[in-house]
Amino acid sequence: MVQWTRDEKRTFLRQRIEARLATLLMESKEYSQALSLLNGLIKEVRRLDDKLLLVDIDLLESKLHFSLRNLPKAKAALTAARTAANAIYVPPAQQGAIDLQSGILHAEEKDYKTAYSYFFEAFESFNALEDPKAVFSLKYMLLCKIMVSQADDVAGIISSKAGLQYLGPDLDAMKAVADAHSKRSLKLFETALRDYKAQLEEDPIVHRHLSSLYDTLLEQNLCRLIEPFSRVEIAHIAELIELPIDHVERKMSQMILDKKFAGTLDQGAGCLVIFDDPKTDAIYPATLETISNVGKVVDSLFSRSAKIMA
């Protein structure tokens, strides 16, 4: 089709078909091809000043850079899309897509409150149009609530008038995760991930945030369990937390290296030895401060003597 539009010299139609081709390439995960196609297309469209198409292309470029984990370029492309959108009337569906992408980028930077407001705007746009993307916006809204430890609000949002329209596996999955987070239960968390694999693990955005949430929950639970002990069997901790021994051992070794607690793993005896937190000696910082002050006095005296000699 692109070749036909070139032969027929239909420039505007060719640009739209090439933009569609770049979208299909992104969906089939051929990111480098899609980017090389867009680079030439952006220059051409900017020269013609077709703002509506430019918004589409900049938004697509932002999604591509995000997929390639290049956040600075993804944000720059989104800013360009917003700038172009401010100069013209943008259809609600397109505005919703911009807000959705804004929310995704803010969530990636752990700014979940701002991300929630963008997802809410996107949800309102898609909901008014009865667009299927509304359920994804709602799902990401619930994710933001869970990530800022407001999991109790999830049930209220789902049971609201807007939420009831989209009841289904996506919302059930987020409700299960919220319940697990409220109860600080790793077992419930793993059950939710297993039961709703398609909705949680196969959605790259949700999966990325939930994996960091799982790590945080696991660390909190482990720290709480080992707190009373000075020496404890790894098997006992694994039994208490209801996780496989090798998984618990691997996580504890990582926590020791990250200095989450002071201790060592005695793998021969299958034990974790916990050390008391070493008390910092106050004499060293005080000595450094004294030396620094003496240095300032010497410098001051030197500058005064230089003035007298002059």
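Positions are given from 1 along the sequence. Because the structure is a prediction, the values reported are computed rather than measured.
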Colleague: Taking all atoms of both residues into account, what is the closest heavy-atom pair of Gln199 and Ala173, and its distance?
Modeller: CB-CB, 3.8 Å
Colleague: With distance as the sole criterion, is a donor-acceptor pair present between the side chains of Glu190 and Tyr214 under 3.5 Å?
Modeller: yes
Colleague: Can you list the steps and then say if Lys73 with Glu61 is a side-chain contact (heavy atoms from CB on, under 4.5 Å)?
Modeller: CA-CA 9 Å; Lys73 283 194 173 181; Glu61 189 188 9; over 6 Å; no
Colleague: State, to 0.1 Å, how close Lys183 and Leu188 come at their nearest heavy-atom pair, and which atoms those are.
Modeller: CD-CD1, 3.7 Å
Colleague: Do other residues, nucleotides or ligands put more than 12 heavy atoms under 6.0 Å from Glu8 CD?
Modeller: yes
Colleague: Are side-chain heavy atoms of His236 and Leu225 found at a separation under 4.5 Å?
Modeller: no
Colleague: Please say yes or no: joined through hydrophobic side-chain contacts below 4.5 Å, possibly via intermediate residues, are Ile88 and Ile42 part of one cluster?
Modeller: no
Colleague: Does some side-chain heavy atom of Met147 sit less than 4.5 Å from a side-chain heavy atom of Ser212?
Modeller: yes
Colleague: Inspect the surroundings of NZ in Lys251 and state if more than 12 heavy atoms from other residues, nucleotides or ligands are less than 6.0 Å away.
Modeller: yes
Colleague: Taking Ser300 for the side chain and Lys296 for the main chain, is one N or O donor matched with an acceptor at less than 3.5 Å?
Modeller: no
Colleague: His209 and Tyr112: side-chain donor and acceptor closer than 3.5 Å?
Modeller: yes
Colleague: Would a 4.5 Å heavy-atom cut-off, applied to side chains only, mark Leu210 and Leu213 as touching?
Modeller: yes
Colleague: Mark yes or no for whether Lys307, through its side chain, and Phe302, through its backbone, hold a donor-acceptor pair below 3.5 Å.
Modeller: no
Colleague: Just how far is it from atom NE2 of His65 to atom CG of Leu60, taken to the nearest 0.5 Å?
Modeller: 10.0 Å
Colleague: Please assess Phe120 against Tyr140 for the test ring-ring contact (aromatic ring centres under 6.0 Å, His included), listing each intermediate value before the final yes or no.
Modeller: CA-CA 9 Å; Phe120 183 73; Tyr140 300 151; over 10 Å; no
Colleague: Would a 4.5 Å heavy-atom cut-off, applied to side chains only, mark Phe12 and Gln15 as touching?
Modeller: yes
Colleague: Got a second to check how far Glu44's CD is from Thr11's OG1, nearest 0.5 Å?
Modeller: 7.0 Å
Colleague: Is there a path of hydrophobic side-chain contacts, each under 4.5 Å between heavy atoms of I, L, V, M, F, W or Y residues, that connects Val90 with Val45?
Modeller: no
Colleague: Does Arg14 come within less than 4.0 Å of Glu18, counting only side-chain N to carboxylate O?
Modeller: yes
Colleague: Hey, are Arg231 and Asp266 close enough for a salt bridge, meaning a charged N less than 4.0 Å from a carboxylate O?
Modeller: yes
Colleague: Any link between Ile98 and Leu54 through a network of hydrophobic side chains (Ile, Leu, Val, Met, Phe, Trp, Tyr) touching at under 4.5 Å?
Modeller: no
Colleague: Grab the two heavy atoms, one from Gly263 and one from Ile256, that are nearest each other, plus how far apart they are.
Modeller: O-CG2, 3.3 Å
Colleague: When you check the gap from the basic side-chain N to the acidic O, do Asp99 and Arg82 get nearer than 4.0 Å?
Modeller: yes
Colleague: Can you check whether Phe119 reaches Leu138 side chain to side chain, under 4.5 Å on heavy atoms?
Modeller: no
Colleague: Is the count of non-hydrogen atoms from other residues, nucleotides or ligands lying under 6.0 Å from Ile283 atom CD1 greater than 12?
Modeller: no
Colleague: Are Ile226 and Leu265 joined in one hydrophobic group, where the rule is that I, L, V, M, F, W and Y side chains link up if heavy atoms are under 4.5 Å apart?
Modeller: yes
Colleague: For Gln3, check side chain to side chain donor-acceptor pair (under 3.5 Å) against everything at least two apart and list the hits.
Modeller: Asp7
Colleague: Answer yes or no: are there more than 12 heavy-atom neighbours, outside Glu239 itself, under 6.0 Å from its atom CD?
Modeller: no
Colleague: Tell me, do Ile237 and Glu233 make a side-chain contact under 4.5 Å, heavy atoms counted?
Modeller: no
Colleague: Supply the atom-to-atom distance Asp153 CG to Ile146 CD1, rounded to the nearest 0.5 angstrom.
Modeller: 10.5 Å
Colleague: Taking atom CG of Leu52 and atom CD1 of Ile57, what is their separation to the nearest 0.5 Å?
Modeller: 10.5 Å
Colleague: Could you go through Tyr166 and Asn127, starting from their C-alpha distance and side-chain angles, then the distance that decides it, and tell me whether this counts as side-chain contact (heavy atoms from CB on, under 4.5 Å)?
Modeller: CA-CA 10 Å; Tyr166 298 99; Asn127 187 39; 2.7 Å; yes
Colleague: Any sub-3.5 Å donor-acceptor pair from Asn221's side-chain atoms to Leu217's backbone N or O?
Modeller: yes
Colleague: Restricting to non-hydrogen atoms, name the atom on Cys144 and the atom on Ala115 that form the minimum distance, rounded to 0.1 Å.
Modeller: SG-CB, 3.9 Å
Colleague: Working to the nearest 0.5 Å, report the span between CZ of Phe126 and CD of Gln95.
Modeller: 10.0 Å
Colleague: Does the ring of Phe66 carry Arg69 above it, NZ/CZ under 6.0 angstrom from centre and within 45° of its axis?
Modeller: yes
Colleague: Taking everything shown except Glu27 itself, do over 12 heavy atoms lie less than 6.0 Å from its CD?
Modeller: yes
Colleague: For Met26 and Leu64, work out which heavy atoms get closest and say how close.
Modeller: CG-CD2, 3.5 Å
Colleague: What do the steps show when you test Leu218 against Ile241 for side-chain contact (heavy atoms from CB on, under 4.5 Å), and what is the final call?
Modeller: CA-CA 9 Å; Leu218 181 56; Ile241 207 165; 3.8 Å; yes
Colleague: Working to the nearest 0.5 angstrom, can you tell me the gap between Lys139 NZ and Ile205 CD1?
Modeller: 9.0 Å
Colleague: Measure across Val55 and Ala81 and return the closest heavy-atom pair with its distance rounded to 0.1 Å.
Modeller: CG2-O, 3.8 Å
Colleague: Tell me whether Ile291 shares a hydrophobic cluster with Val297, the cluster being built from Ile, Leu, Val, Met, Phe, Trp, Tyr side chains joined at under 4.5 Å.
Modeller: no
Colleague: Compare all side-chain heavy atoms of Leu164 with those of Ile158 and state whether any distance is below 4.5 angstrom.
Modeller: no
Colleague: Please confirm whether the backbone N or O of Leu35 pairs with a side-chain atom of Asn39, one donor and one acceptor, at under 3.5 Å?
Modeller: yes
Colleague: Verify ring-ring contact (aromatic ring centres under 6.0 Å, His included) between His181 and Phe189, making sure each step is shown before the conclusion.
Modeller: CA-CA 7 Å; His181 185 269; Phe189 199 99; 8.1 Å; no
Colleague: Quick one, Asp152 and Ser182 - any side-chain contact, counting heavy atoms below 4.5 Å?
Modeller: yes
Colleague: Which is it for Leu78 and Asp58 under the side-chain contact (heavy atoms from CB on, under 4.5 Å) test, yes or no, and what are the steps along the way?
Modeller: CA-CA 6 Å; Leu78 185 64; Asp58 283 331; over 6 Å; no
Colleague: Between Tyr196 and Asp170, does any side-chain donor sit less than 3.5 Å from a side-chain acceptor?
Modeller: no
Colleague: Quick one: does Ser211's side chain have a donor or acceptor within less than 3.5 Å of a partner on His207's backbone?
Modeller: yes
